[in-house]
Amino acid sequence: MGGPREVGARAEKLRREIERHNYQYYVLDRPLIPDAQYDALFRELQQLEARHPGLVTPDSPTQRVGTAPAEAFAEVTHRVPMLSLNNAFDEDEVSAFDRRVREALERENVEYAAEPKFDGLAVSLVYERGALARGATRGDGYTGEDVTANLRTVRAIPLRPTARRAPPLLEVRGEVLMLKGDFEELNRAQRARGEKEFANPRNAAAGSLRQLDSRVTALRKLAFFAYGLGAAEGVPRFTKHSELLDYLAASHFPVATERAVVRGVAGLTDYHRRIGEKRQRFPYDIDGVVYKVNDLAAQERLGFVARAPRFAIAHKFPAEEAASEVLAIDVQVGRTGALTPVARLKPVFVGGVTVTNATLHNEDEIRRKDIRIGDTVVVRRAGDVIPEVVRVLKDRRPARARHFAMPGRCPVCGSAVKRLEDEAVARCTAGLYCPAQRKQALLHFASRRAMDIEGLGDKLVDQLVDKGVVKTAADLYRLDVGTLAGLERMAEKSGANVVAAIERSKRTTLARFIYALGIRNVGESTARDLAQHFGKLEDLVKADEQSLQQVPDVGPVVAQSTAQFFAEPRNRKVVDGLRGAGIRFEHVPTMRARGKVAGKTFVLTGALAHLAREEAKERIEARGGRVAGSVSKKTDYVVAGADPGSKYDKARELGVAVLDENGLLKLLGEEA
DNA sequence: GATCCTCGAGTTCT
DNA sequence: CTCGAGGATC
C-alpha cells in the first residue's frame with residue numbers, strides 16, 4: 001500500500017466507482033458488472049476505511065448500511081413549504097382545472113407535464129455543495145422530521161449527484177416508496193420471524209423510513225423518484241418543468257420513466273387513461289397521475305391557493321371498493337355536541353387497510369343513501385384515506401334490516417338533543433356540562449395545532465374528567481405528578497412528562513390560544529386573523545359584534561359566536577384562570593401597528609400608469625396587505641387609476657380613502 | 001340571489 | 001378527506 005495520498009485517492013476512486021454502479025443498478029436497472037465484482041469493490045473500500053478511519057466521509061457508499069439508533073428525529077423547517085395537491089376524480093374536474101388555468105393565463109391549449117403519482121411518502125433532500133446534507137419527511141408541509149440517516153441508506157438516492165457543476169444549494173423533492181415485489185418479500189420475512197406484517201407497500205415504506213435505527217432501514221429495500229425542486233441556488237434557469245426533470249435525471253436522480261408532455265384536456269385525459277391501463281404492470285403502486293403547467297413562468301403567475309398550487313392537480317384513479325355488512329350504527333358526540341352516526345362494519349380489507357368503522361355524517365346522509373342496520377354496503381376509502389359507505393346493495397337486504405333513528409337524548413349525558421331548523425346536524429344541548437363535550441374540548445385545547453400538550457391523550461382525559469379532577473382547561477395547570485401518577489397506565493415518569501408538557505405550553509402565541517379556546521366557528525385561520533387584528537387578548541375579550549366584523553373573513557355568524565363566547569361568565573373565568581396560571585404570549589406585533597400597507601385591504605380600479613395590475617397586487621401583498629376585488633366597508637383604500645369605474649363611486653359613498661397611483665407608490669415606498 | 005372559495009368540524013387507521 | 005356553512009364576489 002502506498003502513502004496516505006495514494007490511499008486517499010484510491011478511496012475516492014472506489015467511492016465514485018461504487019456510486020456509479022449503484023446508479024446503474026438502482027436507478028437505471030442496467031448493471032454493468034456482476035454482483036460479485038461489485039461486492040469486491042465494496043469490501044475493498046470498507047477495508048480501506050477500517051484501516052484509515054479518517055477517510056470515512058458521510059457520502060461514502062459504505063455509510064448506506066446505516067448508523068446507530070437515534071433518540072428521536074429532530075424537527076426540520078422546510079425552506080420552501082412542501083404543499084399538497086388538489087385532487088380531481090373525474091374528467092369534469094380535470095377540465096374545470098384546465099379552464100381555470102386557461103382563464104388565468106389567457107392562453108389556449110396549455111402545455112402540461114404529466115407524470116404518475118407514486119403512492120409513497122414525500123421527502124425533501126437537501127444537497128449542499130454537491131453532497132447530501134439533509135433529508136426530511138414532508139410532515140405538515142412546513143416542518144418535517146430529519147431522517148437523513150435513513151434516506152442515506154436508500155441506494156437510488158445519489159449521495160453526490162453528478163451535475164456538471166455542483167450548485168451551492170439544491171433541494172430535490174420526491175417520493176420514497178417500496179416496490180410491490182420487495183413488499184411481498186418483506187412480509188414473507190416478517191411472517192417467518194413471527195413479526196407483524198405491513199398492510200400495504202406504502203405503510204411498509206413509511207414504517208421503514210421512520211425507524212430510529214437506520215440499520216433497519218438499510219435492510220428494507222426502498223426506492224425513490226424525484227419530481228421537483230425546493231430551495232435552490234446556482235441551479236440552471238429552466239423555463240419548463242420537463243427541463244427540470246431532465247436535469248434531475250442527468251444528475252443521476254431516478255425520475256419517472258412514464259413522464260410525458262401533453263396539451264389540453266384531451267392530452268391530460270388520454271395520458272390518465274394510458275397510465276391507468278398499464279398501472280397493474282408497474283412494479284410500484286400509483287394512485288393517480290399529476291398534471292403540472294409545464295411553463296415555469298406561468299406556474300409562478302398562477303401561484304397558490306391556501307395549501308395547494310393552482311398550476312398543478314392530481315388526477316386520481318377510482319378508489320378500490322369492497323362489500324361489507326353494517327353490524328350497528330352508533331352515535332358519537334363531538335366537541336360542539338354534534339351527534340355523528342358511525343357505521344360499525346364487519347372488518348373488510350379495502351384500499352390497503354382493514355376498515356371497521358365509517359362515518360355516516362348525519363341523519364340526512366343515512367336517509368339519502370337509505371342505509372339500514374344489517375345492510376350489505378359498498379365501502380371505499382375516500383381519497384384513499386377516510387372510509388366511506390358508497391351505496392347499499394339492496395338486493396342483499398335481509399328482512400331483519402332496521403332503520404336508524406337519531407336518539408332524542410344524548411347517549412353520553414342524557415340531555416335533550418336538538419336539531420336546528422336549517423342545520424344538518426343534531427346536537428346535545430348540554431354544552432360543557434356534557435362529559436363528552438368537555439373531554440373533546442380538552443383534547444382540542446391540548447391538540448398539536450392549539451396548545452400542543454404532548455401526552456394528554458384521550459385515555460388520560462377520560463380519567464381526569466370522569467374522576468372530576470379536571471373540569472376546564474384552567475384545571476390542567478393545577479395538575480401535579482402525584483395526582484397523575486395515581487391514574488391507570490400512568491407512572492411517575494409519564495406523569496412528570498405530562499406535567500412538563502403542560503408547563504411548556506404556557507409559552508404560546510395569541511393565535512394558538514384563541515384557537516385552543518374552541519370558540520364555535522373559530523378555527524385556526526380565523527384565530528390567526530383575530531389575533532392579528534386585535535393584538536391583545538383583552539381587546540378581543542371586550543370586542544362587540546360590530547368591531548369583530550371589521551376583521552377580514554369575519555361575518556355576522558362568526559362575530560356572534562365569538563362575542564357570545566366571551567359574554568359567558570363561565571368562559572371569562574376560564575380565560576382568566578388560564579392567564580392566572582401563567583400563560584404568556586410571544587409578542588407578535590400586529591400588522592396594523594406596523595405599517596400603512598400591512599394588514600390593510602386595497603381595491604384597485606381603473607388603469608394605472610406605471611404598474612401593471614398584477615404587479616401592484618404583488619407589491620401590496622409583499623408588504624402584508626391584501627387586494628380585494630370589490631369595495632366594501634372593510635376596504636381601507638381604493639386606488640383609482642385613469643377612468644375609474646363604479647368602484648370609485650362606491651368608495652366615495654362608503655367614505656373609503658381614495659388614493660391615486662402616486663399615493664400608492666408613496667405608501668409602498670415608505671414601507672420599503 | 002347565485003356561485004365560488006375557504007374554513008371549520010368531524011372522522012379513520014397506523 | 002368530505003361535508004356543510006360562512007363570507008366574499010358577481
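Protein chains get the first letters and strands the later ones, always in sequence-line order, with residue 1 at the start of each.
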- [ ] May I ask you to verify if any side-chain N or O of A:Thr526 is less than 4.0 angstrom from the OP1 or OP2 atom of B:dG8?
- [x] yes
Open item on the list: Quick check on B:dG10: is either OP1 or OP2 less than 4.0 Å from any side-chain nitrogen or oxygen of A:Thr340?
Closed with: no
TODO: Whole angstrom is fine here: how far is it from CZ in A:Arg520 over to C1' in B:dG8?
DONE: 11 Å
- [ ] Identify, with sequence neighbours excluded, every residue that meets salt bridge (charged side-chain N to carboxylate O under 4.0 Å, His left out) alongside A:Glu106.
- [x] none
- [ ] Kindly point out which of B:dT11, B:dT14, C:dC3 is positioned nearest to the side chain of A:Glu388?
- [x] C:dC3
- [ ] Starting from P on B:dT14, measure out to CG on A:Asn187 and report it in whole angstrom.
- [x] 14 Å
TODO: Can you figure out which of B:dT12, B:dG8, C:dC1 approaches the side chain of A:Asn87 most closely?
DONE: C:dC1
Task: Which atom of A:Asp287 lies closest to which atom of A:Phe118, heavy atoms considered - done: OD1-O, 4.3 Å
Open item on the list: Tell me the closest heavy-atom pair linking A:Thr336 and A:Gln437, and the distance in Å.
Closed with: C-OE1, 3.6 Å
- [ ] Identify, residue by residue, the members of residues 408-416 of chain A with a heavy atom below 4.0 Å from DNA chain B, and return them in order of residue number, or none.
- [x] none
- [ ] Take nucleotides 4-10 of chain C nucleotide by nucleotide from the 5' end and write B, S or -, depending on whether a protein heavy atom sits under 4.0 Å from the base, only from the sugar-phosphate, or from neither.
- [x] SSSSSSS
Task: Heavy-atom donor-acceptor pair, A:Ser208 side chain to A:Ala204 backbone, under 3.5 Å - done: yes
Task: Non-neighbouring partners of A:Lys439 that pass salt bridge (charged side-chain N to carboxylate O under 4.0 Å, His left out), sequence neighbours left out - done: A:Asp462, A:Asp466
TODO: Starting from P on B:dC7, measure out to CZ on A:Arg528 and report it in whole angstrom.
DONE: 8 Å
Open item on the list: Could you tell me how far apart A:Asp458 (CG) and B:dG10 (C1') are, to the nearest whole angstrom?
Closed with: 15 Å
- [ ] Sequence neighbours left out, what passes side chain to side chain donor-acceptor pair (under 3.5 Å) with A:Glu365? Give chain and number order.
- [x] A:Arg368, A:Lys369
- [ ] In whole angstrom, give the distance that lies between atom CZ of A:Arg449 and atom C1' of B:dG8.
- [x] 13 Å
- [ ] Please tell me which of A:Val353 and A:His361 maps to the more 5' nucleotide of DNA chain B, matching each residue to the nucleotide holding its nearest heavy atom.
- [x] A:His361
TODO: Report the distance from atom CD1 of A:Ile386 to atom P of B:dA9, rounded to the nearest whole Å.
DONE: 17 Å
- [ ] Can you sort out the partners of A:Glu388 under side chain to side chain donor-acceptor pair (under 3.5 Å), two or more places apart, ordered by chain and number?
- [x] A:Arg380
Task: For A:Glu91, salt bridge (charged side-chain N to carboxylate O under 4.0 Å, His left out) partners two or more places apart - done: none
Task: Minimum heavy-atom distance A:Asn87-A:Glu93, with the two atoms named - done: O-OE1, 4.0 Å
Task: Proximity to DNA chain B (any heavy atom under 4.0 Å), residues of residues 325-336 of chain A only - done: A:Gln332, A:Gly334, A:Arg335, A:Thr336
- [ ] Starting from C1' on B:dG8, measure out to CG on A:Asp529 and report it in whole angstrom.
- [x] 13 Å
Open item on the list: If you define the side chain from C-beta out and look only at heavy atoms, does anything of A:His315 sit under 4.5 Å from A:Phe97?
Closed with: no
Open item on the list: Check for me whether A:Arg102 meets the cation-pi criterion with A:Phe311, that is, NZ or CZ under 6.0 Å from the six-membered ring centre and within 45 degrees of the ring axis.
Closed with: no
Task: B:dC13 OP1/OP2 closer than 4.0 Å to side-chain N/O of A:Thr354 - done: no
Open item on the list: The criterion is salt bridge (charged side-chain N to carboxylate O under 4.0 Å, His left out); which residues satisfy it with A:Arg520, sequence neighbours excluded?
Closed with: none
Let me have the donor-acceptor pairs involving side chains of residues 347-358 of chain A, under 3.5 Å, with sequence neighbours excluded, atom names and distances please.
| from | atom 1 | to | atom 2 | distance (Å) |
| --- | --- | --- | --- | --- |
| A:Asn357 | OD1 | A:Arg344 | NH1 | 2.7 |

Task: Rounded distance in Å - CD1 (A:Ile366) to P (C:dC3) - done: 15 Å
Task: Sequence-distant partners of A:Tyr515, ring-ring contact (aromatic ring centres under 6.0 Å, His included), two or more places apart - done: A:His444
Atom pairs, N/O to N/O, protein against nucleotides 2-4 of chain B, distance under 3.5 Å?
none

